[in-house]
Amino acid sequence: MNLTLHVWRQKDVATPGQMVRYDAPNVSEHMSFLEMLDVVNEGLILKGDEPIAFEHDCREGICGSCGFMINGIAHGGFKNTTVCQLHMRHFEDGDEVFIEPWRATAFPVMKDLIVDRSAFDRIIASGGYVSVSTGSAPDGNALPIRKQDSDLAMDAAACIGCGACVASCPNAAAALFTGAKISHLAHLPQGQPERKERSLRMVRQMNAELFGNCTNIGECEATCPKGIPIEVIASMNGDFLAASWQERPPVEIAGAG
Amino acid sequence: MASAALDSKLHRTLRFYEATNGKKTVMALTGAALWGFVIIHLLGNLQVFLGPDKLDKYGEALRATGALLWVARGGLLLCVVLHITAALQLMALKAKARPQPYVKKVATTSTYASRTMYWSGPVILGFIIFHLMHFTWGVPGIHPDFVDGAVHANLVKGLSQPLAAVLYLTAMSMLLFHLYHGIWSMFQTMGLSHPRYTPLVKKAAAGIAIALAGGNIAIVVSVLLGIVK
Ligand code: HEM
Ligand code: SF4
Ligand code: FES
């Protein structure tokens with residue numbers, strides 16, 4: 001099949017970009033979307049042009065490196081599918097395909113389709129950790145975890161940090177991502193000691209990165225390649241409320257000991 | 001990027017409000033109070049169907065509560081001010097969070113109501129101001145023939161103006177959307193979500209929003225059709 005691509009080209013973070021039209025001839029329906037771009041890029045390189053820059057690593061939907069908007073929908077809008085797992089059989093001969101990077105102040109465009117997502121790393125660093133004792137390995141079954149909680153924690157932990165939720169959100173909010181990270185640890189016994197501070201720190205870091213405010217629109221859930229439900233956002237909201245209620249000024253001298 | 005200080009010196013209430021989650025909570029609580037007002041306001045107005053003197057007596061009874069009425073008015077005004085202040089701040093953040101729009105962006109599963117909260121809200125605010133000028137203060141030029149205390153007659157005369165009736169109908173449709181998304185969103189904001197009950201909450205929110213807007217619309221339409229005279 002033959003496609004017409006409209007791709008966002010941008011030299012670097014400081015230079016404004018624009019949409020550029022490319023022909024993608026002889027696309028095989030067996031290719032993945034990224035393989036289709038690889039072929040287009042080979043053509044560009046042969047012509048002496050700069051290839052289209054995009055992020056990718058595992059190409060099996062698990063690392064979270066890839067992702068951009070296809071025809072106005074993050075990852076192209078196929079259920080639980082990253083762009084690396086999106087196959088060209090979903091397209092038809094003659095289709096026009098618009099390809100754009102995620103757009104958010106917190107995700108500056110570095111080049112073409114690549115955005116800087118280190119804001120996500122800083123959100124995780126602000127509270128997405130647990131305290132563990134070092135030393136001898138703990139007994140594997142010493143810490144009982146309710147089945148339902150372990151399931152919910154694992155579901156939330158499926159988030160690969162791709163950023164599609166921010167990209168899809170009309171508010172450019174990072175509530176689904178942050179909610180997934182908070183909810184993941186909130187369901188585990190290991191996550192309890194830091195649970196209160198975690199929600200306060202991560203929400204405030206999310207605000208400091210200039211992500212927008214969630215108004216429960218739900219586009220994030222619909223385009224998340226890992227099917228993270230917005231229930232995790234409610235869970236984050238609940239934790240933040242409880243933690244804010246209980247937050248108190250630090251005391252100079254601790255009572256005990 | 002600045003990292004968020006956990007131990008700033010702000011008062012804890014201010015620190016709570018400083019976060020987007022704090023503003024959302026204020027919107028949810030004030031929104032809930034305003035929703036309560038819409039219910040009571042409609043129940044009061046539906047007495048228009050019970051005969052001409054019912055509404056006048058109801059108006060009299062409300063005024064007779066004296067100080068209590070002013071407390072309620074003050075509380076509602078406070079809710080409106082808090083709700084709108086938070087909305088404006090969050091709207092400004094929205095503009096800052098994505099200054100460059102997409103060349104192409106398609107909405108997938110989200111509702112029209114959810115995407116237009118920052119539109120339906122201001123429409124309702126504009127309507128509230130018009131509504132007060134129309135039926136509470138009876139501003140000449142806005143209301144054709146306002147007589148203090150003649151609630152029923154004021155309502156019938158006021159709604160018989162076609163332009164005013166259209167304004168009421170438009171505002172009520174926007175209220176329907178705002179309340180539909182607002183009511184279920186409130187639960188989510190307060191941390192209440194459950195795979196079994198949230199779909200029911202959404203259905204109930206739709207039903208309640210339709211009933212509230214529909215009740216008000218029924219009054220306007222009944223006056224236009226001459227059922228209420
Ligand atoms: C200028 C006026 C207004 C603006 C800009 C506005 C805007 C908003 C916005 C942006 C939300 C948040 C939606 C979300 O988080 O999902 C909201 C929620 C809500 N609004 Fe308004 N609104 C306005 C007036 C009103 C009025 C007059 C009422 C009462 C009839 C009302 C009732 C509600 C309710 C019940 C909610 C739910 C709270 C929540 O979502 O957590 N709003 N409004
Ligand atoms: S919540 Fe989903 S869409 Fe958002 S970063 Fe994680 S995997 Fe990607
Ligand atoms: S390249 Fe790893 S998820 Fe797509």
Side-chain angles (χ1 to χ4, degrees), chain A residues 6 8 19 69 71-73 77 98 100 103-106 109 118-119 122 125-126 167-168 170-173 175 197 199-201 203-219 221-223 229-231 233-242 244-245 247-250, chain B residues 1-9 11-13 15-25 27-28 86-87 89-111 113-115 117-118 181-182 184-195 198:
Chain A
H6 299 269
W8 184 262
M19 297 300 271
M69 306 295 280
N71 287 334
I73 307 180
F98 285 75
E100 275 183 89
R103 292 208 187 281
T105 303
V109 176
S118 44
R122 288 187 292 270
S126 71
S168 308
N171 297 307
E197 278 71 28
S199 64
L200 296 175
R201 283 178 190 275
V203 165
R204 284 174 190 154
Q205 187 63 38
M206 173 179 93
N207 290 165
E209 300 291 348
L210 272 188
F211 287 107
N213 167 63
C214 167
T215 55
N216 305 323
I217 288 176
E219 285 292 332
E221 170 184 79
T223 50
I230 58 171
E231 192 185 345
I233 300 179
S235 159
M236 164 178 79
N237 294 343
D239 271 15
F240 184 87
L241 271 181
S244 298
W245 186 251
E247 198 181 11
R248 25 182 97 198
Chain B
M1 186 62 52
S3 83
L6 190 62
D7 15 66
S8 99
K9 293 278 177 288
H11 187 274
R12 63 200 290 264
T13 310
R15 264 158 67 63
F16 175 66
Y17 188 77
E18 194 189 23
T20 48
N21 273 58
K23 296 188 185 72
K24 274 167 74 71
T25 307
M27 293 201 72
Q89 289 175 308
L90 295 175
M91 202 150 70
L93 176 62
K94 174 182 167 139
K96 250 195 259 171
R98 181 177 291 134
Q100 173 152 24
Y102 286 106
V103 174
K104 196 168 175 161
K105 176 76 166 73
V106 178
T108 59
T109 54
S110 59
T111 60
S114 71
R115 283 178 270 124
M117 289 303 271
Y118 289 115
H181 182 70
W184 93 260
S185 168
M186 218 154 67
F187 285 84
Q188 175 84 1
T189 299
M190 299 310 287
L192 303 171
S193 175
H194 189 282
T198 301

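Letters A, B, ... mirror the listed sequences (proteins, then strands); counts begin at 1.
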Is it the side chain or the backbone of [X] that comes within 4.5 Å of chain B heavy atoms, both, or neither?
| X | answer |
| --- | --- |
| A:Asn71 | both |
| A:Glu100 | side chain |
| A:Asn207 | side chain |
| A:Trp245 | backbone |
| A:Ser244 | both |
| A:Ala167 | both |
| A:Phe98 | side chain |

Contact leader toward chain A among B:Arg115, B:Met190, B:Lys96, B:Gln100, where contacts are heavy-atom pairs under 4.5 Å:
B:Gln100
Might you point out which heavy atoms bring [X] and [Y] nearest each other, and give the distance in Å?
| X | Y | result |
| --- | --- | --- |
| B:Trp184 | A:Asn216 | CZ2-O, 3.6 Å |
| A:Ala234 | B:Ser193 | CB-CB, 3.4 Å |
| B:Val103 | A:Met19 | CG2-CG, 3.8 Å |

For [Y], does its backbone N or O pair with a side-chain atom of [X] as donor and acceptor, under 3.5 Å?
| X | Y | value |
| --- | --- | --- |
| B:Tyr102 | A:Gly72 | no |
| B:Lys94 | A:Ala172 | no |
| A:Glu219 | B:Ala107 | no |

Quick check for you: to the nearest 0.5 Å, what is the distance between [X] atom [atom1] and [Y] atom [atom2]?
| X | Y | atom1 | atom2 | value |
| --- | --- | --- | --- | --- |
| B:Met117 | A:Ile217 | CE | CD1 | 9.5 Å |
| B:Thr20 | A:Met206 | OG1 | CE | 4.0 Å |
| B:Lys104 | A:His6 | NZ | NE2 | 8.5 Å |
| A:Thr215 | B:Gln188 | OG1 | CD | 11.0 Å |

Walk me through whether B:Thr109 and A:Thr223 qualify under side-chain contact (heavy atoms from CB on, under 4.5 Å).
CA-CA 9 Å; B:Thr109 54; A:Thr223 50; over 6 Å; no
Could you walk me through whether B:Phe16 and A:Leu241 satisfy the side-chain contact (heavy atoms from CB on, under 4.5 Å) test, starting with their C-alpha distance in whole Å, then the side-chain angles of each, then the deciding distance to 0.1 Å, before giving a yes or no?
CA-CA 9 Å; B:Phe16 175 66; A:Leu241 271 181; 3.7 Å; yes
In terms of heavy-atom pairs under 4.5 Å, which option from A:Ser168, A:Ala119, A:Gly77 contacts chain B the most?
A:Ser168
Heavy-atom pair count under 4.5 Å with chain B, highest-scoring of A:Asn171, A:Asn237, A:Asp239
A:Asn237
Chain A contact via B:Thr25 - side chain, backbone, both or neither, heavy atoms under 4.5 Å
side chain
